[in-house]
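Working notes, beginning with the structure itself.
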Amino acid sequence: MRAGRAVPRITGYIRRGFWGRKDVKGTNLTELPWRDVRGVRVFDGFLTSAQQADMVTDVRAIVRAAPLIQPVTPRGQPLSVRMTSAGSHGWITDRQGYRYAPAHPSGAAWPPIPESIRAVWAAVAPQARAPESCLVNWYGPAARMGMHVDRDEADPSQPVISISLGDDALFRIGNAARGGTTESLWLRSGDVLMLSGTARLLHHGVDRIAPGTSTLLDAPGRINLTLRVVT
DNA sequence: TAGTGTCT
DNA sequence: CCGG
């Protein structure tokens with residue numbers, strides 16, 4: 001992979017004090033820098049190890065209620081990732097197309113989005129509407145995600161927030177139109193990324209997983225959680 | 001057109 | 001049947 005690494009650049013700060021921390025008076029608040037890659041906001045090391053572990057526990061509960069599926073594209077090509085969802089709407093990819101659906105293909109309702117995950121949205125995008133969908137993507141060591149745009153949400157003024165858990169992933173950010181130059185960055189366990197504003201409709205994808213770079217999960221691979229407002 | 005794919 |  002010879003795509004250029006993004007140079008970290010501090011462009012702002014948020015307050016970090018969510019999640020039961022003793023931050024009522026602001027005494028324990030810490031500033032969390034983000035960096036900006038083509039308008040995509042990257043929060044490196046957003047989650048502590050303990051927060052990541054709690055979140056994995058919650059993800060396992062989601063997967064028990066709504067088992068992972070290996071989707072196929074409308075042309076019948078299997079995706080390399082396995083997917084499930086939480087929330088009022090779940091992402092479905094099958095021969096019928098791409099869409100948000102109110103239930104798992106089994107017919108069971110999607111489980112609710114756990115508080116541990118919603119807390120990240122509230123901290124990073126406090127002005128946004130509540131998230132309606134949490135897509136759970138399981139990347140095995142060889143899984144990838146082709147370049148695409150998140151364009152199936154009714155209100156793209158609402159952000160998309162991505163949480164990385166487990167092994168490192170090489171994430172690529174492109175342009176509004178397909179093609180052109182791109183920038184790549186490694187996402188590590190506990191990192192949070194937000195597509196909003198001018199970056200909301202940029203092409204993006206995952207080129208590679210680096211197995212064995214995290215000890216968070218039992219098996220090599222990566223979990224990505226993507227929070228969205230759908231309606 | 002596909003493309004949340006596959007290939008050089 | 002493209003280009004990153």
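Side chains included, hydrogens not; waters and symmetry mates left out as well; all remaining heavy atoms used. Every chain is numbered from 1, with letters handed out A, B, ... down the list of sequences.
- To the nearest 0.5 angstrom, A/Leu79 atom CG is 6.0 Å from A/Thr93 atom OG1.
- Remark: C1' of B/dA2 and CG of A/Asp94 are 16 Å apart, rounded to the nearest angstrom.
- Heavy atoms of A/Val149 sit under 4.0 angstrom from at least one base atom.
- Of all the heavy atoms in A/Ser85 and A/Leu135, the pair that sits closest is OG-CD1, 3.7 Å.
- Within the 4.5 Å cutoff, side-chain heavy atoms of A/Val56 are placed close to those of A/Leu165.
- Computed from coordinates, the A/His204 NE2 to C/dG4 C1' distance equals 15 Å when rounded to whole Å.
- A/Arg151 contributes no side-chain N or O that forms a donor-acceptor pair with the base of B/dG3 under 3.5 Å.
- Aromatic ring centres of A/Trp186 and A/Phe171: separated by at least 6.0 Å.
- For A/Asp152 and B/dT4, the CG to P distance is 9 Å, given to the nearest whole Å.
- Not a single donor-acceptor pair, N or O on each side, falls under 3.5 Å between the base of C/dG4 and the side chain of A/Arg178.
- Taking all atoms of both residues into account, the shortest heavy-atom contact from A/Arg172 to A/Ser184 is CD-OG, 3.5 Å.
- What separates CG of A/Asp150 from C1' of B/dG3 is a distance of 14 Å, to the nearest Å.
- One interatomic measurement links the two molecules: NE2 of A/His148 to P of B/dT4, which rounds to 7 Å at whole-angstrom precision.
- A distance of 7.0 Å separates CZ in A/Arg60 from CD1 in A/Ile223, rounded to the nearest 0.5 Å.
- Whole-Å rounding puts the A/Asn175 CG to C/dC2 P distance at 20 Å.
- Of all the residues in residues 70-83 of chain A, A/Thr73, A/Pro74, A/Arg75, A/Gln77, A/Pro78, A/Leu79, A/Met83 reach under 4.0 Å from DNA chain B with at least one non-hydrogen atom.
- Distance CZ (A/Arg95) to C1' (B/dT4): 16 Å, rounded to an integer number of Å.
- Pairs passing the ring pair (Phe, Tyr, Trp, His ring centres under 6.0 Å) check and including a residue from residues 109-145 of chain A, sequence neighbours excluded, read A/His104-A/Trp110.
- One interatomic measurement links the two molecules: CZ of A/Arg172 to P of B/dT6, which rounds to 15 Å at whole-angstrom precision.
- Within 4.0 Å (heavy atoms only), A/Gly174 reaches no atom of the nucleic acid at all.
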